[in-house]
Amino acid sequence: MTIETAAPSGAVHVDLLSKLNPEQRAAVTAGDGPLLIFAGAGTGKTRVLTHRIAWLIQQGRAQPGEVLAVTFTNKAAREMRGRVEQLLNLSATAVWMGTFHAIAARILRRDGSAAGIDRRFVIYDEGDRLNSVKRVMGELRLDEKRYSPGAFVQAISHAKDELQGASEFAQAAGTHMEELAAQVYARYEAFLQGNNALDFDDLLLRTVRLLREQGEVLEKYQRRFKYVMVDEYQDTNRAQYVMVQLLAQSHRNLAVVGDDDQSIYQFRGADVRNILSFERDYPEARVVKLERNYRSTQTILDAAYHVIRHNPNRADKRLWTDRGAGARVVVAQTYDEQEEALAVAHEALRLVAQGDVRLADVAVLYRTNAQSRALEEVLLRRGVPYRLIGGPRFYERREVRDVLAYLRLTANPRDSLSFSRVINVPRRKLGEKSLAQLGFFADAHGQTPWEALSRVGEMTELASSAARSLEAFRELIEELRQAASSRRLVEVIDLLLGRTGYERYLTETGSDAQERWANVLELRGLASEYDGLPPGEGLQAFLEEVSLMSDVDTLEERPQGLTLITLHMVKGLEFPVVFMLGMEEGLFPHSRSFDSPTGLEEERRLAYVGMTRARDRLYLFHAFRRHLWGNAQLNLPSRFLADLPPDLVDAPAGIPAGVPVSDQAPAQVIEAARPSIALKVTQRYHQGDNVEHRSWGRGRVLKSTLTRTDEELIVKFDKVGVKILAVSLAPIVKL
DNA sequence: TAGCCCAAAATTTTT
DNA sequence: TTTTGGGCTA
């Protein structure tokens, strides 16, 4: 079937439907009314979403500005926009496409004033939120040792997810803890208000409130969005659910895409029931199931199915493919996590040597971040390149937050959190007393610290040196504000870095100054993307983007080595080869999930998500013995392994065989890593060459030997001594 | 104000 | 077991 219709002006006629399978086509061309699309892993979900948007526009059913598409990550939104533009061959900037939070922020900036929201609000992230709670606890004289600030943060966040305001929360409070939390909540709200700040949850909560209470605003958006689309609907929480419902209410053209089997964020408020009861919410809904998978082998799909099928309360569906059976799933036991890591390295390198995959095609998945350490140690020692996803986040690094705090203060001087972050960074010789003076004065006059700053002269108790410092700080921020309104964002940042002597500050205070400075420069680089915007707008736009950005969004497109990643973060990605480690009772499923059936169901879904990441090969490892917090424990194989039909499984006796268990000899290339197929080898290094290794630093080549399949180097490193390396595997460069 | 020492915590974390 | 953060001391 080919449909050619008049496309919007300037667009090329594109046949949108010919490359879709029947189910995908049905979903794309479903007419008006609610639409539920069950899109299993690897079934072309994004393709359906983007084609539907393009189709709606091409058919003239909607103007680009009348379509709203909501995702959970910026990455997904970006991809979607790019693909729609490609399909339509025109800019899709008019389409409202973004994360829940970004869309909410946009609505609040435009129309929040109707509900008393200052459009210049800043967005407080996780860290800011914790700091705010700590402050509030200080005000309430709550001892941080007795009461965990984190617990309050969680309670507040959870309440907001459920659209529960501070007063409702207080009313519902029963226990002593809840009453305390209610007090903290109320004060926290006041604190944020005073700082003109909203936290992540507020973006959703306040948008819902705005839409509910301001009829004309609601009407405006309802009229505007003829078609609403939601990605990953199984992960929506209460606030998101209501927000979508409100926006789509009038046209009722709500299309949701998701997979209940991949709902893994229950602990953050996601509610699978939102997708499972869609048909009850919208009895007239059309339902399409995408079950044809384009990613994995049938063996992998069947194995995953036999794990997930044990969950009650799931929509019935089963993935299939015409890619053929492929290799069996490999289940293997190792002695401990050391050997487990060695087995991964061993097998991954063997596959690479065979020639059909690159290291970058291999992902290693685990339940808890702590598991990555054993892996890293082994990979480092073996010189196997890898990238670890997770770990210290870019936007949570001290230096990045410092610079951002300056910028945030520049944009919004009322932000007292940012104020106190940078008032004495770099050191301005302001002691505790002086700052207390300032705070006291501000409180007494009902002013923010920034406002108080212009009245330094009135603070009689202030030492004159401190007064001068404060005055200088005020002038600095004023200067930045001036610059922000007339110059490019990068110039503002340069000005701030120059005036504060931030680089010098880094070198004077820390050992890792170089790395930190590099991060600052990276942030500066990100900011340069806003150079095109008129002065004044760049700063706002940059801060908005940065506060709504996560690390997955900056995930490298072209990885270099093995990928080490948690099961949660791997959702949405795919790899030709997948190793899942720690398939043991107590670790996966995690012991914390044992006491509730829903917890176990979520673990099972997590297993399903992990398994369906694999295209061609899937390895499930479990260790006989595992070190956890100092002591070793013996774990039984995960119950998920028992669910696999024997005929899908290969359990080779020899997976870890031949791998030395506690081999301390550094930098010996694993025996099996030597390619067994003859490769063309040419000598690239010679005695005396200077090289740099990613983790061992600089060194000099003592000897280079050509083997049948590789070039072997003996290198004397400045810092770590003599090592033996295989050129094909070691992360080295010639200098 | 920096550095040191001791104690506590270690499931997952789209914004 | 290891890391991290906070508090105390020099």
Side-chain angles (χ1 to χ4, degrees), chain A residues 70-77 98-105 123-130 134 144-145 148-150 153-154 157 160-161 198-205 230-237 239-240 258 262-270 337 365-374 376-377 389-393 395-396 424 427 429-432 508-511 544-555 565-573 582 586-594 599 602-603 605-607 609-610 626-633:
Chain A
V70 199
T71 62
F72 274 86
T73 65
N74 294 298
K75 190 170 161 235
T99 63
F100 273 100
H101 294 82
I103 298 282
I123 298 168
Y124 273 8
D125 67 16
E126 216 79 35
D128 302 321
R129 182 201 259 172
L130 188 66
K134 283 182 179 169
E144 282 183 27
K145 270 183 241 140
S148 135
V153 167
Q154 257 198 326
S157 174
K160 288 184 177 179
D161 282 351
L198 299 180
D199 67 21
F200 286 148
D201 303 313
D202 280 332
L203 294 175
L204 306 173
L205 171 70
V230 185
D231 192 14
E232 306 274 21
Y233 193 65
Q234 76 282 353
D235 286 332
T236 49
N237 63 26
Q240 290 158 335
Q262 294 188 65
S263 168
I264 54 172
Y265 285 102
Q266 204 177 68
F267 67 94
R268 285 185 53 134
E337 71 274 357
L365 278 41
Y366 37 82
R367 179 65 240 267
T368 67
N369 283 119
Q371 285 169 262
S372 66
R373 188 177 314 149
E376 279 195 273
E377 279 168 13
I389 313 291
R393 295 153 167 253
Y395 289 108
E396 281 163 26
N424 210 15
R427 298 270 120 76
K429 298 194 175 154
L430 289 163
E432 206 178 320
E508 280 166 9
T509 52
S511 50
E544 180 99 357
E545 173 123 351
V546 156
S547 43
L548 293 176
M549 181 102 83
S550 74
D551 277 21
V552 240
D553 295 328
T554 52
L555 228 163
I565 189 170
T566 64
L567 284 155
H568 279 89
M569 293 190 71
V570 84
K571 191 173 85 162
L573 305 179
L587 184 59
F588 190 33
H590 199 274
S591 53
R592 296 279 276 263
S593 70
F594 285 166
E602 181 138 319
E603 295 288 301
R605 291 193 291 264
L606 204 48
V609 166
R626 187 171 293 274
H627 298 274
L628 228 49
W629 321 319
N631 42 22
Q633 59 185 50

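Hydrogens, waters and symmetry mates play no part in the numbers below; they use all other heavy atoms, side chains included. Quick caveat: nothing in here was measured; it's all calculated off a predicted structure.
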Can a side chain N or O of A:Lys134 be found less than 4.0 Å away from OP1 or OP2 on C:dG6?
-> yes
Look at all strands and tell whether A:Glu603 reaches a base, only sugar-phosphate, or nothing, counting heavy atoms closer than 4.0 Å.
-> base
Does A:His568 use its side chain to pair, donor to acceptor, with the backbone of A:Ile264 at less than 3.5 Å?
-> yes
For A:Tyr265 and B:dT13, say yes or no: do the ring centres fall under 5.5 Å of each other while the ring planes differ by less than 30°?
-> no
Euclidean distance, atom CG of residue A:Leu628 to atom C1' of B:dA10 [Å, nearest integer] | 8 Å
Between A:Asp235 and A:Lys571, is there a salt bridge with N-O shorter than 4.0 Å?
-> yes
NA contact type, A:Phe100, heavy-atom cut-off 4.0 Å: base, sugar-phosphate, or nothing?
-> nothing
Interatomic distance, A:Phe594 CZ vs B:dT11 P [rounded to whole Å] = 13 Å
Using the C1' atom in both, what is the distance from C:dT2 to B:dT13, to the nearest Å?
-> 22 Å
Within less than 4.0 Å of OP1 or OP2 of B:dT14, is there a side-chain N or O belonging to A:Asn237?
-> no
Quick one: label A:Glu602 by what it contacts on the DNA or RNA (base, sugar-phosphate, nothing), any heavy atom closer than 4.0 Å.
-> nothing
Report the nucleotide, chosen from B:dT11, B:dT14, C:dT3, that has the shortest atom-to-atom distance to any side-chain atom of A:Arg373.
-> C:dT3
So, does A:Asn74 use its side chain to make a donor-acceptor pair with the main chain of A:Leu548 at under 3.5 Å?
-> yes
Choose from B:dT14, B:dT11, B:dT12 the nucleotide whose nearest atom is closest to any side-chain atom of A:Arg592.
-> B:dT11
Decide, yes or no, whether a salt bridge links A:Asp199 with A:Lys160 under the criterion of side-chain N to carboxylate O below 4.0 Å.
-> yes
Which whole-number value in Å describes the distance from A:Leu567 CG to B:dT11 P?
-> 15 Å
Rounding to a whole Å, what distance do you find between A:Arg268:CZ and B:dT13:C1'?
-> 5 Å
Could you check how far CG of A:Leu203 sits from C1' of B:dT14, rounded to whole Å?
-> 14 Å
Give a yes/no on whether any side-chain N or O of A:Asn369 is located under 4.0 angstrom from OP1 or OP2 of B:dT12.
-> yes
Return yes if some donor-acceptor pair links the side-chain N/O of A:Glu337 with the main-chain N/O of A:His627 below 3.5 Å, else return no.
-> yes
Could you let me know what C:dA10 is paired to, Watson-Crick or G-U wobble, both distances under 3.5 Å, or none if it's on its own?
-> B:dT1
Kindly label the base of B:dT12 as syn or anti, based on whether its glycosidic torsion lies within 90° of 0.
-> anti
Using a cut-off of less than 4.0 Å, is there contact between a side-chain N or O of A:Thr566 and OP1 or OP2 of B:dT13?
-> yes
On DNA chain B, more 5' by nearest nucleotide between A:His568 and A:Glu126 is A:His568
Spacing of A:Glu376 atom CD relative to C:dT3 atom P, expressed in whole Å | 11 Å
Measure from CE on A:Met569 to P on B:dT12 and round the result to the nearest Å.
-> 11 Å
Without swapping roles, check the side chain of A:Glu377 against the backbone of A:Ala374 for a donor-acceptor pair under 3.5 Å.
-> no
Rounded off to whole Å, could you give me the CZ-to-C1' distance for the A:Arg605 and B:dT12 pair?
-> 13 Å
